[in-house]
Amino acid sequence: MADLVVKAAVKEALSDMNVSADFYDALDEEVEELLQDAARRAEQNDRKTVQQRDL
């Protein structure tokens with residue numbers, strides 16, 4: 001699996017919080033699932049373009 005999440009961006013977004021190392025792996029998995037679901041919805045609608053509404 002590719003790293004889909006930029007750690008520096010997560011740290012910036014959660015600047016008041018500490019972030020554990022395993023959080024990034026879990027977040028990456030969640031993002032991967034979202035992307036797969038969005039791609040599946042686009043395909044079901046005969047599109048090759050993933051759009052906002054696919055989320």
Side-chain angles (χ1 to χ4, degrees):
M1 171 173 39
D3 288 334
L4 299 171
V5 175
V6 178
K7 291 179 182 180
V10 173
K11 285 182 183 180
E12 184 178 326
L14 299 174
S15 61
D16 294 337
M17 304 290 293
N18 294 324
V19 181
S20 69
D22 60 347
F23 178 81
Y24 297 109
D25 291 333
L27 181 59
D28 208 55
E29 289 175 15
E30 290 291 324
V31 171
E32 177 71 24
E33 286 181 33
L34 280 172
L35 293 174
Q36 288 175 358
D37 289 346
R40 195 172 10 262
R41 283 188 202 96
E43 287 177 358
Q44 289 172 347
N45 289 294
D46 296 321
R47 288 184 280 112
K48 288 192 173 218
T49 303
V50 178
Q51 300 175 351
Q52 178 181 355
R53 63 183 173 200
D54 296 317
L55 291 174

For Asp28 and Asp3, work out which heavy atoms get closest and say how close. OD1-C, 3.6 Å
Contact summary for Val50 and Ala38, nearest pair of heavy atoms: CG1-CB, 3.7 Å
For a side chain to side chain contact (heavy atoms under 4.5 Å, CB included) with Asp54, tell me which candidate from Arg41, Gln44, Glu43 qualifies. Arg41
Atom CD in Gln51, atom CG in Asn45: separation rounded to 0.5 Å? 9.0 Å
Test of understanding: clusters of I, L, V, M, F, W, Y form through side-chain heavy atoms closer than 4.5 Å, transitively. Do Leu27 and Leu34 belong to the same one? no
I'd like to know if Val31 and Phe23 are part of one continuous hydrophobic network [Ile/Leu/Val/Met/Phe/Trp/Tyr, side-chain heavy atoms within less than 4.5 Å]. yes
Taking the side chain from Asp25 and the backbone from Ala21, do they hold a donor-acceptor pair closer than 3.5 Å? no
Just list the side-chain donor-acceptor pairs under 3.5 Å for residues 6-18, sequence neighbours left out, or say none.
none

Listed by chain and number, what are the salt bridge (charged side-chain N to carboxylate O under 4.0 Å, His left out) partners of Arg40, not counting sequence neighbours? Asp37
